[in-house]
**Q** 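Take a look at the following structure, please.
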Protein chains: 2
Amino acid sequence: MVSVMDDAVPPAAAPKRRARQPRQATTERRAEILRAAANTFGSKGYKNGSLAEVAEQVGITHAGVLHHFGSKEQLLVEVLEYRDKEDVRDLEGQHIPGGLGLFQHLVRTARMNVDRPGIVQGYSVLTGESVTENHPARGWVTDRFRVLRGEIADAVIAVGEGKVSRETADCAASAIIGVMDGLQVQWLLDEDVDLPTSTQFAIEAILAAALLGDDRPHPLD
Amino acid sequence: MVSVMDDAVPPAAAPKRRARQPRQATTERRAEILRAAANTFGSKGYKNGSLAEVAEQVGITHAGVLHHFGSKEQLLVEVLEYRDKEDVRDLEGQHIPGGLGLFQHLVRTARMNVDRPGIVQGYSVLTGESVTENHPARGWVTDRFRVLRGEIADAVIAVGEGKVSRETADCAASAIIGVMDGLQVQWLLDEDVDLPTSTQFAIEAILAAALLGDDRPHPLD
DNA sequence: TCCCACTTACTGACAAGTCAGTAAGTTGTG
DNA sequence: CACAACTTACTGACTTGTCAGTAAGTGGGA
């Protein structure tokens, strides 16, 4: 429960018995379980998704899953870490875009997401669930939003060539993330919503407004 | 399910035994339970919120709750209907705004929401949860989005005085709803996010882009 | 007016199921 | 042969929902 993960920590200065490394098949097995868990938590949610369902997908029992991960909460944490690592790996070849390239990347992502509703649902469900009391993914989701906001705000400032204030950039950044997430939910519930078109429309709109600064009209004051 | 609400309908030509009206205290009691359920489902989610917790808030047992509502799912459905009725009642004095007034109303709502995080959390949790498989609130959430999109798109067209196409208005409408929902989630997780300011910023930006039509720049193509 | 037939609003006990987690035993592999 | 990777068997905590019973209210009729 203190989440030290005994089996993953090589015993520092092991005295008598060295902790054996896991067999080479084990790493892949754990990855299989993580993918199954991501699938289950994505479609059912963390609370409602059961270890038994995760286990069934890889042909073992729920106790087998617990053998590898110790607890359901630890499994969730590792699913999140695994997904992060995958995202990084996907972006490895391409340099991480900044400036205008970042916004193009966001729109491209929205276009890609149309073909992987499972991923989108997993993200949406977990994000929504994370605002409930004491949810184990809350910290992860919060951090993720914070990092993303920072990167997008920097990109806004870069595109604005110093003419955009930090406050405006922060506003724009949270709005861009918000509109992407919000549109995903609507699209999951109703295919009539045009996810890529609306996403591009909104990002362009927010970016344009940020670049205009205080020169733009404020009809809602 | 067709929402005829038997207990409110006086029996037309009752044959032998008239179906009595509910006692006057009953209506208020049921409303108490509905408010408690909205509270619990809002903070814990529907799946994770228990009848026992709802019951405790009004000082009865979970069986007492089931006496009134028959099943947990029916309780959820009535919570949703109750909230709809409350929303309508709140807007009764003021005429439902259209055109620019609607957008001002949306921004005002965002400002008010800062002082009622419980309501916002309930909405966010339920919306996120609704995209899971076979969720009982899915239809309600989907309909709500559809209606809202229609109203906002109409308002965009009204403000644009006929110069905005239906497709653009739809894009703008879903984007506005998306950004409002998405910002709420971020704000719930991190108070640093400025909900009203970001909301107003984004709505003005999207509205401006919609009114410009194809004349605006498309830096992301 | 008072009483009887009936309904409403519960309670407490329990059924039936699901869940995470544990402990002990088995198998196969390095 | 020791240990990793399981399985089987089980516990205890919680779930929703059912049921019988009870006290309190309500309306109509004598």
Side-chain angles (χ1 to χ4, degrees), chain A residues 1-3 5-11 14 16-34 36-37 40-41 44-79 134-136, chain B residues 6-8 10-11 14-34 36-37 40-41 44-77 134-136:
Chain A
M1 198 50 93
V2 204
S3 87
M5 274 201 62
D6 341 35
D7 55 352
V9 176
K16 311 279 144 164
R17 324 207 149 281
R18 88 187 57 214
R20 299 208 181 167
Q21 351 236 30
R23 304 179 192 167
Q24 82 253 45
T26 300
T27 309
E28 179 48 32
R29 197 88 170 111
R30 286 174 57 105
E32 268 180 63
I33 298 173
L34 288 174
T40 289
F41 293 161
K44 301 277 186 72
Y46 168 72
K47 288 278 186 181
N48 197 38
S50 72
L51 292 178
E53 184 181 319
V54 173
E56 199 189 13
Q57 290 174 74
V58 296
I60 63 175
T61 65
H62 87 277
V65 173
L66 286 171
H67 164 74
H68 284 288
F69 296 96
S71 74
K72 191 187 183 188
E73 190 166 328
Q74 185 58 30
L75 175 61
L76 173 65
V77 169
E78 299 209 27
V79 165
N134 302 322
H135 196 281
Chain B
D6 343 32
D7 54 354
K16 307 280 150 174
R17 319 221 148 277
R18 86 192 58 219
R20 309 222 176 148
Q21 351 232 34
R23 300 181 195 166
Q24 81 256 43
T26 301
T27 311
E28 179 49 32
R29 197 85 171 114
R30 286 174 56 104
E32 267 180 64
I33 298 173
L34 289 175
T40 289
F41 293 161
K44 302 277 186 75
Y46 167 72
K47 289 277 186 182
N48 196 38
S50 73
L51 292 178
E53 182 181 321
V54 173
E56 198 189 12
Q57 291 174 73
V58 295
I60 63 176
T61 64
H62 87 276
V65 173
L66 285 171
H67 163 74
H68 284 288
F69 296 96
S71 73
K72 190 187 182 187
E73 189 166 331
Q74 185 58 31
L75 175 62
L76 174 65
V77 168
N134 302 320
H135 195 280

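Below, chains carry the letters A, B, ... as their sequence lines are ordered, and counting in each starts from 1.
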**Q** Can you tell me if A:Arg29 touches the phosphate of D:dA4, counting only side-chain N or O atoms and a distance under 4.0 Å to OP1 or OP2?
**A** no
**Q** Looking at every heavy atom in both B:Gln57 and B:Thr40, which two are closest together, and how far apart are they?
**A** NE2-OG1, 2.7 Å
**Q** State which of C:dC10, D:dT16, D:dC6 makes the closest approach to the side chain of B:His68.
**A** C:dC10
**Q** Rounded to whole Å, how long is the line connecting atom NE2 of A:His62 with atom P of C:dT22?
**A** 10 Å
**Q** Would you mind reading off the distance between B:Asn48 atom CG and D:dA13 atom C1', rounded to a whole angstrom?
**A** 14 Å
**Q** Kindly say whether A:Gly49 contributes a backbone atom to a donor-acceptor pair with the side chain of A:Lys72 at under 3.5 angstrom?
**A** yes
**Q** Quickly work out the A:Lys47 NZ to D:dC14 P distance and round it to whole Å.
**A** 12 Å
**Q** What is the distance from CG of A:Leu76 to P of C:dG21, rounded to the nearest Å?
**A** 12 Å
**Q** Base, sugar-phosphate alone, or nothing: which one does B:Leu66 contact when heavy atoms must sit under 4.0 Å apart?
**A** base
**Q** Atom CZ of B:Phe69 and atom P of D:dT18: how far apart are they, to the nearest Å?
**A** 16 Å
**Q** In terms of side-chain heavy atoms of B:Lys72, which of D:dT8, D:dG17, D:dT18 is nearest?
**A** D:dG17
**Q** If you check every side-chain atom of A:Ser50, which of D:dT18, D:dT15, C:dC19 has the closest atom?
**A** C:dC19
**Q** How many Å lie between CD on B:Gln74 and C1' on D:dT16, as a whole number?
**A** 15 Å
**Q** Yes or no on side chain to side chain contact (heavy atoms under 4.5 Å, CB included) for B:Ile60 and B:Arg29, after CA distance, side-chain angles and deciding distance?
**A** CA-CA 11 Å; B:Ile60 63 176; B:Arg29 197 85 171 114; 3.1 Å; yes
**Q** Closest approach of A:Tyr46 and A:Pro136, non-hydrogen atoms and distance?
**A** CE2-CG, 3.5 Å
**Q** Distance check: side-chain N/O of B:Thr61 vs OP1/OP2 of C:dG12, anything under 4.0 Å?
**A** no
**Q** What is the distance, rounded to the nearest whole Å, between atom CD of B:Glu56 and atom P of C:dT11?
**A** 12 Å
**Q** Quick one, A:Glu53 and A:Lys44 - any side-chain contact, counting heavy atoms below 4.5 Å?
**A** yes
**Q** Hey, does B:Leu51 reach any base, or is it just sugar-phosphate, or nothing, if we go heavy atoms under 4.0 Å?
**A** sugar-phosphate
**Q** Please check the phosphate of C:dT11 (OP1 and OP2 only) for any side-chain N or O of B:His67 closer than 4.0 Å.
**A** no
